[in-house]
Amino acid sequence: MRRLYFLFLPVFLFVLWLVLNESLSAGQIALGAALALWFTWAASRLRPLHARPRRLWKAVPLFLHVTVDIIRSNLAVAKLILKPGRNEFSPGFIMIPLTMRDPHGLAMLACIVTYTPGTVWVDLTADHRLKLHVLDLQNEQHWVDLVQQRYERPLMEMFE
């Protein structure tokens, strides 16, 4: 995968440079090639820890679960906001213990939780507990089970 990265990124940056400059002159081609190679090299130095995901077929059901949850959450948040008579939602914070330690898996979990409307990843404590803000916190155990079983478990299977 690393070889593909070093082939795809410079080609993409080179083509992008030429498209944005709207020129195929020798100077633009030389400058675009030099910048594409330099940016690729610089970007590789910014990421000393590389992800090693395994069992990528686990990403398909996770993606479907996240998509369904985002749609459901959008509808629930819209119902809370647009229904004028019902202002009885109870926002709150919840602490969810996590067993995942891989930084790439935690980053994916942060994206999943934050993409879902009505939830925000607030903090990850030193003892690996996720502080999550929920717009309508009715049942804390539901959120603990949701994050641990539906999101964290498949991510752990992929990244750890």
Side-chain angles (χ1 to χ4, degrees), residues 1-2 4-17 19-20 36 39-40 42-160:
M1 185 69 181
R2 190 166 169 84
L4 288 177
Y5 173 76
F6 276 110
L7 291 176
F8 174 73
L9 187 62
V11 169
F12 174 76
L13 290 174
F14 175 70
V15 170
L16 182 66
W17 178 265
V19 168
L20 290 176
F39 282 138
T40 303
S44 71
R45 298 295 173 239
L46 293 175
R47 291 194 45 113
L49 181 62
H50 297 282
R52 303 275 187 242
R54 300 176 309 273
R55 297 184 210 112
L56 292 179
W57 68 87
K58 298 278 186 176
V60 173
L62 177 64
F63 175 78
L64 295 174
H65 286 294
V66 170
T67 302
V68 167
D69 289 344
I70 287 174
I71 292 169
R72 284 182 185 161
S73 186
N74 270 309
L75 294 173
V77 169
K79 199 181 300 182
L80 282 173
I81 293 172
L82 297 176
K83 203 167 189 183
R86 184 183 186 272
N87 288 331
E88 302 162 2
F89 59 95
S90 56
F93 291 94
I94 182 173
M95 298 297 282
I96 301 173
L98 299 176
T99 56
M100 183 168 33
R101 299 292 187 255
D102 184 74
H104 298 97
L106 290 170
M108 289 289 295
L109 182 62
C111 290
I112 289 169
V113 168
T114 304
Y115 290 159
T116 307
T119 59
V120 176
W121 175 297
V122 177
D123 189 23
L124 181 65
T125 63
D127 58 346
H128 279 272
R129 290 176 17 159
L130 162 64
K131 186 174 189 178
L132 183 68
H133 181 270
V134 180
L135 182 64
D136 192 15
L137 183 60
Q138 299 294 328
N139 183 357
E140 289 188 20
Q141 190 59 42
H142 165 74
W143 286 99
V144 171
D145 293 340
L146 180 78
V147 170
Q148 287 178 341
Q149 299 302 316
R150 197 161 167 125
Y151 303 142
E152 184 186 23
R153 187 173 44 85
L155 286 171
M156 285 178 63
E157 292 173 1
M158 285 190 291
F159 287 103
E160 291 186 353

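Only heavy atoms go into these numbers, but all of them, side chains included; no hydrogens, no water, no symmetry mates.
For the atom pair OG1 of Thr40 and CZ of Phe14, the computed distance is 12.5 Å after rounding to the nearest 0.5 Å. We find the OG1-CG distance between Thr116 and Asn74 to be 9.0 Å, quoted to the nearest 0.5 Å. The distance from atom CG of Leu132 to atom CG of Leu130, rounded to the nearest 0.5 Å, is 5.0 Å. With values rounded to the nearest 0.5 angstrom, Phe8 atom CZ is found 9.0 Å from Leu13 atom CG. A distance of 4.5 Å separates CG in Leu146 from OH in Tyr151, rounded to the nearest 0.5 Å. With rounding to the nearest 0.5 Å, the separation of CG in Leu124 from CZ in Arg129 is 10.5 Å.
Glu152 places a side-chain N or O within donor-acceptor distance of the main-chain N or O of Met100, the cut-off being under 3.5 Å. Checked by atom type and distance alone, the side chain of Arg55 pairs as donor or acceptor with a backbone atom of Glu157 at under 3.5 Å. Proximity of a side-chain donor or acceptor of Ser90 to a complementary backbone N or O of Leu137 within less than 3.5 Å is detected.
Considering only heavy atoms from C-beta on, Asp69 comes within 4.5 Å of Arg150 through its side chain. Considering only heavy atoms from C-beta on, Pro97 comes within 4.5 Å of Gln148 through its side chain. Between Trp121 and Leu109 there is a side-chain heavy-atom pair separated by less than 4.5 Å. When side chains are defined from C-beta on, His128 counts as touching Leu106, because their heavy atoms get closer than 4.5 Å.
Between Val144 and Met95 the shortest heavy-atom distance is CG2-O, 4.5 Å. Considering every non-hydrogen atom in both His133 and Pro91, the closest pair reads NE2-CB, 3.9 Å. Residues Trp143 and Ile96 share a closest heavy-atom pair of O-CD1, 3.9 Å. Closest non-hydrogen pair, Val120 versus Val113, comes out as C-CG1, 4.4 Å. Of all heavy-atom pairs between Ala36 and Pro10, the closest is CB-O, 3.3 Å. Taking each heavy atom of Leu155 and Gly105 in turn, the nearest pair found is CD1-O, 3.7 Å.
The side chain to side chain contact (heavy atoms under 4.5 Å, CB included) test with Ile70 is passed by exactly one of Val66, Thr67, Val68: Val66.
Evaluation of the side chain to side chain contact (heavy atoms under 4.5 Å, CB included) rule for Asp145 yields Gln141 as partners, not counting sequence neighbours. Residues satisfying the side chain to side chain contact (heavy atoms under 4.5 Å, CB included) criterion with Leu135, sequence neighbours excluded, are Val77, Leu80, Phe89. Annotation: ring pair (Phe, Tyr, Trp, His ring centres under 6.0 Å) contacts of Phe63 (sequence neighbours excluded): none.
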